[in-house]
Amino acid sequence: MSSPDPQVRAARNLTDPSPESTSEKKHPRAPRNRGPVVAVTGAATGVGELLTAHLAASDEIKQVIAIDERRGEVSEATWHILDVRDPAIAEKLRGADVVVHLALDLDLETDPAARTAYNVRGTQTVLTAAAAAGVHRVVLCTSAMVYGALPDNDVPLSEDAELRATAEATGVGDLLEIERLGRRAPRAHPGLNVTVVRPTVLVGGTDTALTRYFESPRLLVVAGSRPTWQFCHVEDLVTALEYAALEKIDGELAVGCDGWLEQEEVEELSGVRRMELPSAVALGAAARLHRIGLTPSPAGDLAYTMHPWVVSVSRLHDAGWRPKWTNEEVLGALLEEVEGRHTVAGRRLGRKDATAVSATAAGATVALLGTAALVRRARKARRRI
């Protein structure tokens, strides 16, 4: 890519109006008579907002119906303000050909029970409402994490590989249940088709346990593990979702950069040194810190930094789609995005604690200082109650 700042370029491509779209605001575009009507849930924020803007600017889309709990910034879309768990959504979906369901809560800080209740109930309601409204396709977006990160995984995994993930990592149990609902929906609602899109490590305005991994002063490596990294920039996810909305591809498919990076390549490209710990120490500490509420990430998240889970993206390639970003470029964009943030064991630190951690040279001391800083913060918080 020619742009020296890929993050800015991506945001401009997806959200800034082109000269043509600017003139269209002054002189409204003639009604579109072809292409599908696409509804997007979660349309006001994140990937949903980017997709809504992208589809609204496409001549291949007849109309965009945007659904969220607040109105977003894409004025070209037709907005409906409601919770996706509200059965009234069926009426709002009438006339839509395709629904892209992106109203998911995968926030690390959300109560897990509340998160699951929202994600599962929301997906159930959208699938049932889509069938009732006569929609013929629903596109679900989960994650390649559903394949599971295991030491015996093929590199890369085929897209039809068995889903061997467990519910031990943040949100993965929800994603597995969402996929189960997606498989059942065509049997319960004949005529309804479901496409599932599974991005790899998503980068671009995202905050996950995997992006926070790169906010640490040292990259934690579990002794004897074989980490591999395959990234997906939100710009590429949006164009893949567009392919699914236009029905250029269906079924279950992965989306991400071509190939992958080994841990040593990540360290060389990032300039961040590793902190290597025995498996029992790393997993035990992660479990204890999460159990007492000091970190948002359960120990299961650590598996995705230990074992391979890179995936072939051949189905999208066969359909004519290509990623615009390479793994190296997405890693560079991620490092720019997290610059100035400081995280230990998945928990963000204040400037004072981060300075103490960063000044420590020995890996074991880094871990201990990080844990001590979190304990001090927790004790102060308890004293204030």
Side-chain angles (χ1 to χ4, degrees), residues 1-16 18 38 40 42-43 45-58 60-61 98 100-102 104 106 139-147 156-157 159 175 195-208 210-211 214 228-261 266 269 304 309-338:
M1 284 180 219
S2 58
S3 170
D5 190 342
Q7 281 289 89
V8 172
R9 186 186 68 80
R12 184 185 304 124
N13 285 351
L14 288 170
T15 60
D16 289 356
S18 64
V38 180
V40 180
T45 58
V47 177
E49 181 181 27
L50 296 177
L51 179 65
T52 300
H54 187 73
L55 295 179
S58 171
E60 295 186 82
I61 303 296
V98 180
V100 183
H101 178 45
L102 298 173
L104 297 179
L106 297 175
V139 180
L140 302 176
C141 185
T142 61
S143 167
M145 293 176 77
V146 297
Y147 290 104
L157 291 161
E159 287 168 290
L175 300 179
T195 298
V196 179
V197 178
R198 300 166 177 156
T200 55
V201 181
L202 191 60
V203 173
T206 59
D207 178 24
T208 68
L210 294 170
T211 58
F214 292 92
T228 53
W229 294 91
Q230 181 183 24
F231 298 100
C232 177
H233 195 275
V234 290
E235 180 181 357
D236 285 333
L237 175 58
V238 163
T239 58
L241 290 169
E242 179 189 28
Y243 258 62
L246 291 170
E247 302 184 73
K248 295 179 179 180
I249 192 167
D250 58 15
E252 300 167 346
L253 55 126
V255 55
C257 300
D258 292 331
W260 61 89
L261 298 174
V266 167
L269 289 166
Y304 291 88
W309 54 289
V310 301
V311 191
S312 165
V313 294
S314 59
R315 288 179 181 164
L316 274 167
H317 274 245
D318 291 345
W321 176 91
R322 295 292 183 274
K324 292 184 179 180
W325 294 73
T326 66
N327 281 301
E328 291 84 354
E329 289 168 334
V330 181
L331 175 60
L334 173 58
L335 293 171
E336 288 183 17
E337 189 172 316
V338 304

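- Contact between Leu102 and Gly48 at its shortest, heavy atoms only, is CD1-CA, 3.6 Å.
- Under the rule for a salt bridge (charged side-chain N to carboxylate O under 4.0 Å, His left out), Glu159 has no partner lying at least two apart in sequence or in another chain.
- Side-chain atoms of Thr195 and Leu253, non-hydrogen and from C-beta on, do get closer than 4.5 Å to each other.
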Val255 and Trp321: CA distance, side-chain angles, deciding distance, side-chain contact (heavy atoms from CB on, under 4.5 Å) verdict: CA-CA 10 Å; Val255 55; Trp321 176 91; 3.7 Å; yes

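- Residues Thr142 and Val196 have side chains in contact (heavy-atom distance under 4.5 Å, counting atoms from C-beta outward).
- Between Glu235 and Leu50 the shortest side-chain heavy-atom distance does not fall below 4.5 Å.
- Within the model, atoms CG of Leu140 and CD of Glu252 stand 10.0 Å from one another, a figure rounded to the nearest 0.5 Å.
- Considering CZ of Arg315 and CG of Asp318, their distance stands at 9.5 Å, rounded to 0.5 Å.
- Under the 30°/60° scheme for interplanar angles, the aromatic rings of Phe231 and Trp229 are found to lie parallel.
- Within the 3.5 Å criterion, the main-chain N or O of Asp258 finds a donor-acceptor partner in the side chain of Asn327.
- For the pair Val47/Leu241, a side-chain contact is recorded, criterion being any heavy-atom separation below 4.5 Å from C-beta on.
- Listed for the Gln230 side chain is no donor-acceptor partner under 3.5 Å among the backbone atoms of Val201.
- Between Leu106 and Ser143, the closest side-chain pair of non-hydrogen atoms is not below 4.5 Å.
- For the atom pair CG (Leu55) and CD1 (Ile61), the distance works out to 5.0 Å, reported to the nearest 0.5 Å.
- Taking the six-membered ring for Trp and thresholds of 30 and 60 degrees, His233 and Trp325 have nearly parallel ring planes, at less than 30 degrees apart.
- Between Leu246 and Glu60 the shortest heavy-atom distance is CD2-O, 3.6 Å.
- Contact annotation: the side chain of Thr200 never approaches that of Val310 to less than 4.5 Å [non-hydrogen atoms, C-beta and beyond].
- Gly256 and Cys232 get closest at one heavy-atom pair: CA-CB, 3.8 Å.
- In plain terms, the two heavy atoms of Thr211 and Leu202 that are nearest each other are CG2-O, 3.6 Å.
- The two residues Lys324 and Glu329 make their nearest non-hydrogen contact at O-OE1, 3.9 Å.
- A donor atom on one side chain and an acceptor atom on the other are found under 3.5 Å apart for Ser312 and Ser314.
- Scanning for salt bridge (charged side-chain N to carboxylate O under 4.0 Å, His left out) contacts around Glu328 gives an empty result, with sequence neighbours left out.
- We find the CG-SG distance between Leu237 and Cys141 to be 4.5 Å, quoted to the nearest 0.5 Å.
- Between Arg198 and Val311, the closest side-chain pair of non-hydrogen atoms is not below 4.5 Å.
- Taken from CG in Asp236 to CG in Leu316, the straight-line distance is 10.0 Å, to the nearest 0.5 Å.
- Side-chain contact between Glu242 and Val38: absent, with no pair of heavy atoms (C-beta onward) separated by less than 4.5 Å.
- The line from OG1 of Thr326 to CG of Leu261 is 8.0 Å long, rounded to the nearest 0.5 Å.
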